[in-house]
Amino acid sequence: MGASLLRLHFHDCFVQGCDGSILLDDVGSFVGEKTAGPNKNSVRGYDVIDRIKQTLEQMCPGVVSCADIVALAARDSTFLLGGPTWEVLLGRRDSTTTSLADANTDLPAPTSNLDVLISAFAKKNLSPRDLTALSGAHTVGFSQCSNFRDHIYNDTNIDTAFAALRKTDCPAAAPAGNTNLSPLDVETQADVFDNAYYRNLVARRGLLHSDQELFNGASQDALVRQYGNNPALFASDFVTAMIKMGSISPLTGATGEIRLNCRVVNG
Ligand code: HEM
Ligand SMILES: [Ca+2]
């Protein structure tokens, strides 16, 4: 679940800011973000957030927002998987709105090229360096075949043996095998947070097209090599970038609310 909770924070912060908007269910005429392309049948961990929230509401009612819970869960997941830790700024309040449209436009697709990834992050005031550091989150977790099929069958900037290995669990003709999972990081286990992701990219073993775009003869190549050789530099830049991402457009003061149930706005 650690990988899924880390991703949940990213998918929250890139849509309206880190405001718990991704947690809201579709109820009646209320439309949430869970059915957006990048989220549907992919983002998970909502039940874990519910359990943390229930415990908090018993001990300290109405104080800790769902948005802060997601930020803390992402930090603790990273650490428990073997990665760095950091102090999480708190005080984010929860949204009473969502944006399905923004979830569909602002979360980058795995088919994106480098210029598209850089612009998607720039739109959130994150630099190309932040993009490359944050993508190191793909040292943990899994991807479904439908998200990397085109890369392993049609891209040419991929290690042949690696492509062959991944094809064994991801047949060429969709929809066969669409939901089969492969680890994003081929080198070390999917529940170990380290810098192996970057060495994979140098070896042309990125699983997603968007991963390999970070090492494909352009602006991020040198940084990818540095992160692959220097775990302390990666850890330090990842922390800096996570704090920046966790600070996107927070609701503070009288804006938003402290939701009592992360799935619905207060009545
Ligand atoms: C740079 C643009 C990014 C793209 C295009 C992208 C795309 C994806 C895709 C397609 C998956 C697999 C989903 C599935 O098959 O269901 C995935 C998984 C994941 N992503 Fe990203 N991602 C990006 C950036 C990030 C960032 C910034 C983070 C966190 C800081 C992150 C964390 C994760 C994690 C941890 C997983 C594994 C989730 C799990 O196993 O449940 N990603 N990503
Ligand atoms: Ca949000």
Side-chain angles (χ1 to χ4, degrees), residues 1-24 32-34 36-46 48 65-67 70-71 73-75 77-78 81 83 92-100 102-103 106-114 116-121 124 126 128 130-151 170 178-185 190-191 193 197 206-214 220 237-239 241-246 248-251 256 262:
M1 288 316 297
S4 305
L5 294 168
L6 176 55
R7 184 170 185 233
L8 189 59
H9 186 42
F10 165 49
H11 281 219
D12 183 21
C13 294
F14 264 55
V15 181
Q16 293 189 166
C18 313
D19 60 357
S21 60
I22 192 173
L23 304 173
L24 291 170
E33 296 163 10
K34 291 182 178 178
N39 294 336
K40 193 178 179 187
N41 297 323
S42 179
V43 167
R44 59 187 204 138
Y46 303 117
V48 178
S65 69
C66 300
V70 173
R75 187 271 309 271
S77 295
T78 301
L81 294 169
R92 298 168 193 79
R93 289 166 63 83
D94 296 322
S95 72
T96 54
T97 62
T98 60
S99 181
L100 179 64
D102 286 1
D106 289 9
L107 292 166
T111 50
S112 308
N113 290 336
L114 183 60
V116 171
L117 295 171
I118 289 176
S119 334
F121 277 63
K124 308 297 167 188
L126 295 171
D130 296 326
L131 160 68
T132 298
L134 288 170
S135 296
H138 288 177
T139 177
V140 291
F142 294 86
S143 174
Q144 303 178 61
C145 158
S146 55
N147 284 316
F148 62 81
R149 176 182 283 119
D150 201 51
H151 179 54
C170 186
N178 265 1
T179 59
N180 291 356
L181 296 175
S182 285
L184 284 158
D185 171 358
D191 62 351
F193 191 104
Y197 169 79
L207 186 61
L208 307 178
H209 173 84
S210 51
D211 289 327
Q212 198 58 57
E213 280 291 297
L214 301 176
Q220 300 308 294
D237 281 6
F238 183 79
V239 164
M242 282 297 289
I243 293 170
K244 270 175 87 173
M245 187 180 84
I248 299 174
S249 313
L251 297 171
C262 293

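Counting starts at 1 for both ligands and their atoms, following the listed order.
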Would you please say whether a donor-acceptor pair under 3.5 Å links the side chains of [X] and [Y]?
X	Y	result
Arg92	Ser65	no
Asn147	His209	no
Glu33	Ser21	yes

Is the closest side-chain heavy-atom distance between [X] and [Y] below 4.5 Å?
X	Y	value
Leu184	Phe142	no
Val116	Pro108	no
Leu214	Leu114	yes
Lys124	Cys13	no
Thr139	Leu81	no

Between ligand 1 and the protein, which N/O pairs fall short of 3.5 Å?
| unit_1 | atom_1 | unit_2 | atom_2 | d |
| --- | --- | --- | --- | --- |
| ligand 1 | 15 (O) | Ser143 | OG | 3.4 |
| ligand 1 | 15 (O) | Gln144 | N | 2.7 |
| ligand 1 | 15 (O) | Asn147 | ND2 | 2.8 |
| ligand 1 | 16 (O) | Ser42 | OG | 2.6 |
| ligand 1 | 16 (O) | Gln144 | NE2 | 2.8 |
| ligand 1 | 20 (N) | His138 | NE2 | 2.9 |
| ligand 1 | 22 (N) | His138 | NE2 | 3.0 |
| ligand 1 | 40 (O) | Phe142 | N | 3.0 |
| ligand 1 | 41 (O) | Ser4 | OG | 2.6 |
| ligand 1 | 42 (N) | His138 | NE2 | 2.9 |
| ligand 1 | 43 (N) | His138 | NE2 | 3.0 |

In a check of side chain to side chain contact (heavy atoms under 4.5 Å, CB included) between Leu107 and each of Asp102, Val43, Asn39, which one passes?
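Looking at Asp102, Val43, Asn39, the match for Leu107 under the side chain to side chain contact (heavy atoms under 4.5 Å, CB included) is Asn39.
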So, at under 3.0 Å, which protein N, O or S atoms would a careful student list around the Ca ion (ligand 2)?
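Checking every protein N, O and S atom gives Asp12 O, Asp12 OD1, Val15 O, Gly17 O, Asp19 OD1, Ser21 OG.
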